[in-house]
Protein chains: 2
Amino acid sequence: MVVHRIIIKAFYDLYMNQNKLMPKSIIRTYSRYSREASLLLGELIRVARKERKLTAQEVADRAGISRGLLQRIEKGDLKCEIGAVFEVAVIVGVKLFDADETTLTRHIRQTEDKLSLLPKSVRRKSKVVHDDF
Amino acid sequence: MVVHRIIIKAFYDLYMNQNKLMPKSIIRTYSRYSREASLLLGELIRVARKERKLTAQEVADRAGISRGLLQRIEKGDLKCEIGAVFEVAVIVGVKLFDADETTLTRHIRQTEDKLSLLPKSVRRKSKVVHDDF
DNA sequence: CAATAATGATCCATATAAAGATCATAATAT
DNA sequence: ATATTATGATCTTTATATGGATCATTATTG
């Protein structure tokens, strides 16, 4: 029943468009530092991939992502899942935090210890110091 | 015209569901290394935020993200935009690559130099070595 | 202890990232 | 030089991450 699908699709589009009038899109802005950190990570990945003589498709397959996403990652696109980026880094051998597995685990424990000493919640000074003058 | 919206919504749901029968969802799996790297980063962010006495809401606002997303970031959720994570890290003062802005820029240049020396594309050995026996 | 604020968790709607397909171009091996 | 393959770029569809609201719980201050 092709006609059904077409009609339903028309209503679907209608529904989608009625709210599309004001996209309310989220235009996110990034600091220079973030952009450069991401760019560097992407380039390190690309260098590592080539040094290991792996094609983009091979790495993408191993990481379980599309080649297109890998391209964006290597370009330092900030709108990528951090999980995908990290996974690719691992595959091509780029170390995160400059640490191996064991070191990573140790750092986690240290950080958790530190965290346990800090207050569970941050309390804003409820009242201004009552500036008497 | 509330009725219109309801009807249209019904068709919308119908349309969405006809394809939902086989979600074909992408269940991504992550390596232990990726999971721990992300967890560490999240915890470092949380520690830094508390040390600076910033509430979750304040940091979220400054980063232009929701408090919910910040929560996920601090928990090391791998399904977050890397841009959001990096931005938060910058705000609370967690250094990426253990480098300041200048160092970052220098590393980028070094990496690009390295990249320029590598072949533009990786070529798989087109033919197996013709295993004659 | 009481009051209040921060955090954690969950839900829904929607904006958007990702997959997949396709095309053009560039780069490598023979 | 030529054939072949990798890469880059763009488009559409679909899956999903995010924002925003709400509620319960926990912490902190006074």
Side-chain angles (χ1 to χ4, degrees), chain A residues 5 9 12-13 15-28 46 49-50 53-61 63-75 77-85 87-88 115-116 118-130, chain B residues 5 8-9 12-13 15-28 42 46 49-50 53-61 63-75 77-85 87-88 115-116 118-130:
Chain A
R5 298 181 69 97
K9 178 64 158 57
Y12 165 82
D13 290 339
Y15 176 76
M16 292 305 279
N17 283 330
Q18 73 184 357
N19 298 334
K20 277 262 175 59
L21 300 182
M22 239 246 184
K24 192 185 166 190
S25 70
I26 298 169
I27 294 154
R28 208 168 266 168
R46 178 162 289 183
R49 175 173 69 80
K50 296 200 167 175
K53 304 219 185 307
L54 297 167
T55 66
Q57 190 63 60
E58 285 172 330
V59 173
D61 288 344
I65 65 174
S66 66
R67 188 169 65 87
L69 179 53
L70 177 61
Q71 265 186 133
R72 288 173 50 214
I73 290 172
E74 291 189 346
K75 282 173 73 174
D77 190 327
L78 284 159
K79 294 182 174 302
C80 302
E81 257 189 34
I82 195 169
V85 181
E87 208 57 28
V88 167
L115 195 55
S116 69
L118 288 167
K120 321 274 184 191
S121 65
V122 176
R123 195 78 169 214
R124 190 119 310 289
K125 288 277 163 276
S126 64
K127 253 308 183 190
V128 185
V129 196
H130 189 284
Chain B
R5 298 182 69 97
I8 292 173
K9 178 62 159 58
Y12 165 82
D13 289 338
Y15 177 76
M16 293 305 279
N17 283 331
Q18 72 184 358
N19 299 334
K20 277 262 175 62
L21 300 182
M22 238 245 182
K24 191 184 166 189
S25 70
I26 297 170
I27 295 153
R28 207 168 267 165
R46 178 162 288 185
R49 174 173 70 80
K50 297 200 166 173
K53 304 218 186 306
L54 296 168
T55 66
Q57 190 65 59
E58 285 172 331
V59 173
D61 288 345
I65 65 174
S66 66
R67 187 169 65 91
L69 178 53
L70 177 61
Q71 264 186 133
R72 289 173 50 213
I73 290 172
E74 291 188 346
K75 282 172 73 172
D77 189 329
L78 284 159
K79 294 183 174 303
C80 302
E81 259 190 33
I82 195 170
V85 181
E87 208 56 27
V88 168
L115 194 56
S116 69
L118 289 167
K120 321 275 184 192
S121 66
V122 176
R123 196 78 170 213
R124 191 117 312 287
K125 290 277 162 275
S126 63
K127 252 309 180 190
V128 185
V129 195
H130 190 283

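To find a chain, count down the sequence lines: A is the first, B the second, and so on, and within it residues start at 1.
With sequence neighbours left out, Q71(A) forms a side chain to side chain contact (heavy atoms under 4.5 Å, CB included) with no residue at all. Applying the side chain to side chain contact (heavy atoms under 4.5 Å, CB included) rule to E81(B) yields the partners R28(A), Y30(A), K79(A), A84(B); only residues at least two apart in sequence or on another chain are considered. Legend: residues meeting side chain to side chain contact (heavy atoms under 4.5 Å, CB included) with A63(A), ordered by chain and number and at least two apart, are I65(A), V88(A), I91(A). Applying the salt bridge (charged side-chain N to carboxylate O under 4.0 Å, His left out) test to R67(B) and every residue at least two apart in sequence or in another chain returns nothing.
End-to-end axis angle of the helix from dC1(C)-dG30(D) to dT30(C)-dA1(D), from C1' rotation axes over five pairs per end: 80° (rounded to 10 degrees).
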Strictly under 3.5 Å: I want the nitrogen or oxygen pairs between protein and nucleotides 6-11 of chain C, one per line.
unit_1	atom_1	unit_2	atom_2	d
dT7(C)	OP1	R49(B)	NH1	2.9
dT7(C)	OP2	A56(B)	N	2.8
dG8(C)	OP1	R46(B)	NH1	3.4
dG8(C)	OP2	R46(B)	NH2	3.4
dG8(C)	N7	R67(B)	NH1	3.2
dG8(C)	O6	R67(B)	NH2	3.2
dA9(C)	OP2	K75(B)	NZ	3.4

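Note that NZ of K53(A) and CZ of R123(B) are 14.0 Å apart. Values are rounded to the nearest 0.5 Å. We find the CG-CD distance between L70(A) and E87(A) to be 12.5 Å, quoted to the nearest 0.5 Å. Taking CZ from R46(B) and CG from L54(B), the interatomic distance works out to 13.5 Å, rounded to the nearest 0.5 Å. Here K75(A) contributes atom NZ and I73(A) contributes atom CD1; the two are 13.0 Å apart, rounded to the nearest 0.5 Å.
Between R72(B) and dT18(D), a side-chain N or O to OP1/OP2 separation shorter than 4.0 Å is present.
DNA chain C is contacted by both P119(B) and A84(A); A84(A) maps to the nucleotide lying nearer its 5′ end (nearest heavy atom per residue).
At whole-Å resolution of the value, NZ in K53(B) and C1' in dT29(D) are 14 Å apart.
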